[in-house]
There are 2 protein chains.
Amino acid sequence: MESTVTLDKVARQAGVSSSTVSRIINGTANVSAAKRENVLRIMSELNYHPNVLARGLASGRTMGVGVLTQDISSPFYGSTLRGIEGALQGTGYHPIFISGHWHLQEELEAIDFLLSRQVDGVIVLGGGVPDERLQEVARRLPVVVLGRSIPGLEDQCLRLDNFAGAYQATRHLIELGHRTIAHIAGEPSHRDAQDRVSGYRAALESVGLPFNPELVQPGDFHEAAGFLAATRLVESRILFSAVFAANDQMAYGVRLALHRKGLRVPEDVSLVGFDDLPGSMYTTPPLTTVQQPVEDMGRAAAQGMLRLLRGERAEVQRMDVRLVVRESTVRRRSS
Amino acid sequence: MESTVTLDKVARQAGVSSSTVSRIINGTANVSAAKRENVLRIMSELNYHPNVLARGLASGRTMGVGVLTQDISSPFYGSTLRGIEGALQGTGYHPIFISGHWHLQEELEAIDFLLSRQVDGVIVLGGGVPDERLQEVARRLPVVVLGRSIPGLEDQCLRLDNFAGAYQATRHLIELGHRTIAHIAGEPSHRDAQDRVSGYRAALESVGLPFNPELVQPGDFHEAAGFLAATRLVESRILFSAVFAANDQMAYGVRLALHRKGLRVPEDVSLVGFDDLPGSMYTTPPLTTVQQPVEDMGRAAAQGMLRLLRGERAEVQRMDVRLVVRESTVRRRSS
DNA sequence: TTGTAAGCGTTATCAT
DNA sequence: ATGATAACGCTTACAA
């Protein structure tokens, strides 16, 4: 184990005080060019790297931004994390990721973890942490929330118009002549899932189509649920010519179930998803879906955070959703 | 902003010294039951959370394990990260993720970042950091490396038998009667990609089949490359009845390209991937692929790390790969 | 412009 | 069993 190089050692080597070295590192005051040069040289000679802990302890700022996500391996949140990462890049701030696994207790602990790590701000991606807790945290440090709207923190919350997305998706199917459109719903406790059902329903009603509860199957945002739901639908002999799945992962499941039942997409059944996961461009056929600007959302959240850290307002904007028409939807065959 | 509760405040409130409180927190010495009770109560009343920075500075241990990954949003590494997370759960240690984006400079900076954050150990997932640098780091603190083998650190490196996986995949196709098997290779600079080509070639030669360079198309592990490669293959009119793609993502691209060209999988062309991504079970048809125990690998790496942190040897084992036969491969039609 | 010295919130080493 | 007190490595008034 090599001994660690401290700022003091650098100072001694350079024949200056540690404050001077600190000033040079932080650019916090004027230092004569000669000394700066010299110190800089010695720093790199000794391969000095400041101890972030000591720095954080002394200054009260750690340059860390905590990011509470639900699943580090989720294809959906992945791009958002990447967006956050990208926006923070080069700002001196670094993201610190931690997952809550859709589990309240874990989420709460994750927040405590971040706080005890003295992060300078927290970005929360969805999840179920009570509004009150987030409000509390927001009183202590900058907070930006994605996918939820917290009373009193509206300015720091970035939401997506799930209703509009679902509405567009369903309208698209209607405009292709579909009249019996099934919906595979998402995890019932999720606000997003509820909004998508509402959007679906509103679209039907906007053209006077009946809302048939039998056509709405419960799901949970995972492939298996889509598979099961579509299987049930086919086996129950309810007629439908199109399916709107509340997310792409379930759409994949639906796709496979239809395939197993000998139904072709899009010839026999049109299929729309929601999210536009990276893989949806490469399914067979490529999936028509509602695109969420997930990476942009991450970027926007991080930029809002940077603004808060600068003492400005977050001013994160509501992000728009858009339907990407690919090949899984087609005009209904006149039968 | 609420004021922070320090250990000192707790001590004062409880009428004991801060050392006593520290001892209670760390269970590092005997404290009378009465005092412990009381202090514990006050701690929760005041909602006290130890400052990890101060603790790390004083003790030299931060309970953080740095994890250098390449892409936080990669479907492949995702499960590994999750495995690491899971294995660390409840041990007091926490992972700190950082991405190198397959970019040497970034990777080196990421390592410096982790070191300056005083992590207690580092887990490296693949990437291109020079062996020497990793050896250097390993002299300072526990290091576990996934997907590479570093001279002198063999005991702390977890590798996968890519050769064997590719060999199995190719043999599987051969046993189904295929004689003209194309291979879409991975990123040429990756050791894994090279090993997979070797495995493919060895399998062919093991049954006396010729290795035809025309059947090997370059790729880079991404969907688009698979798409392009398969398109080239079909358009070049080289005959082939099966494709072994160096990873699942490229297999997806191949699948779509074949679809576009009117070739059915598996009726016209059998297809095998490598990785068994979460989505491969739900492609149409579900993909035959070489399963990597990615989550287990993460877990194993983390467990090795925990052993190192305890002062024991890492003793990470070589992990085995296995072919998962699904529906994208089928006996060759006797034509 | 530069140095001195007092923290920052813990842990760890002594005493007692 | 408990309490002073000195680190830990850095930042930041305050002086000079």
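Convention: sequence-line order gives letters A, B, ...; per-chain numbering from 1. Scope of the values below: all heavy atoms of this structure, side chains included, with no hydrogens, waters or symmetry mates. This is a predicted model, so every value here is computed, not measured.
At the heavy-atom level, B:V52 lies nowhere under 4.0 Å from the strands shown. Backbone-only engagement by A:S32 is indicated by non-hydrogen atom pairs under 4.0 Å involving sugar-phosphate atoms exclusively.
The interatomic distance linking A:I25 (CD1) with D:dC10 (P) rounds to 7 Å, in whole Å. Spacing between atom NZ of A:K9 and atom C1' of D:dC8 amounts to 13 Å, rounded to whole angstrom units. Going from atom CG of B:D8 over to atom P of C:dC8 covers 10 Å, rounded to whole Å. Note: CG (A:L7) to P (D:dT11) measures 6 Å, nearest angstrom. One atom, CG of B:L57, and another, P of D:dA6, lie 17 Å apart when rounded to the nearest Å. Rounding to whole angstrom units, CZ of residue B:R36 and C1' of D:dT2 are separated by 13 Å. Protein atom CZ of B:R12 is 12 Å distant from nucleotide atom P of D:dA4, rounded to whole Å. The nearest whole Å value for the distance from the CE atom in B:M63 to the P atom in C:dT10 is 16 Å.
Residue A:S22 places at least one side-chain N or O closer than 4.0 Å to OP1 or OP2 of D:dT11. Close to D:dT2, at under 4.0 Å from its OP1 or OP2, lies a side-chain N or O of B:K35. At the phosphate of C:dT11, OP1 or OP2 sits under 4.0 Å from a side-chain N or O atom of B:R55. Between B:T20 and the phosphate of D:dG3, there is a side-chain N or O to OP1/OP2 separation shorter than 4.0 Å. For C:dT11, one of the phosphate oxygens OP1 or OP2 lies less than 4.0 angstrom from a side-chain nitrogen or oxygen of B:N26. The shortest distance between the side-chain N/O atoms of A:S17 and the OP1/OP2 oxygens of C:dG3 is below 4.0 Å. Between D:dC10 and A:S59, no contact under 4.0 Å exists linking OP1 or OP2 to a side-chain N or O. An OP1 or OP2 oxygen of C:dT10 is reached within less than 4.0 angstrom by no side-chain nitrogen or oxygen of B:N51.
A donor-acceptor pair shorter than 3.5 Å can be found between the side chains of B:E107 and B:Q70.
The nearest heavy atom of DNA chain D to A:T28 and to B:A29 marks one nucleotide each, and the one closer to the 5' end goes with B:A29.
Using a 4.5 Å heavy-atom threshold, the side chains of B:L88 and B:H94 count as separate.
Nearest heavy-atom pair, A:L7 versus A:Y48, reported as atom, atom and distance to 0.1 Å: N-CE1, 3.4 Å. Pairing each heavy atom of B:K35 with each of B:I24, the nearest pair is O-CD1, 4.2 Å.
Of the candidates C:dC14, C:dG9, C:dG3, C:dC14 carries the atom nearest the B:R23 side chain, counting heavy atoms from C-beta on. Taking only side-chain atoms of A:A54, from C-beta outward, the nucleotide of C:dT1, D:dG9, C:dG9 with the closest atom is D:dG9.
At a cut-off of 3.5 angstrom, counting only N and O atoms as typed in the model, there is a donor on one side and an acceptor on the other between the side-chain of B:S19 and the base of D:dA4.
We find that B:R41 and B:E37 are not joined by a salt bridge, their nearest charged nitrogen and carboxylate oxygen being 4.0 Å or further apart.
Applying side-chain contact (heavy atoms from CB on, under 4.5 Å) to B:V65 and the options B:L306, B:D120, B:L309 leaves one that passes, B:L309.
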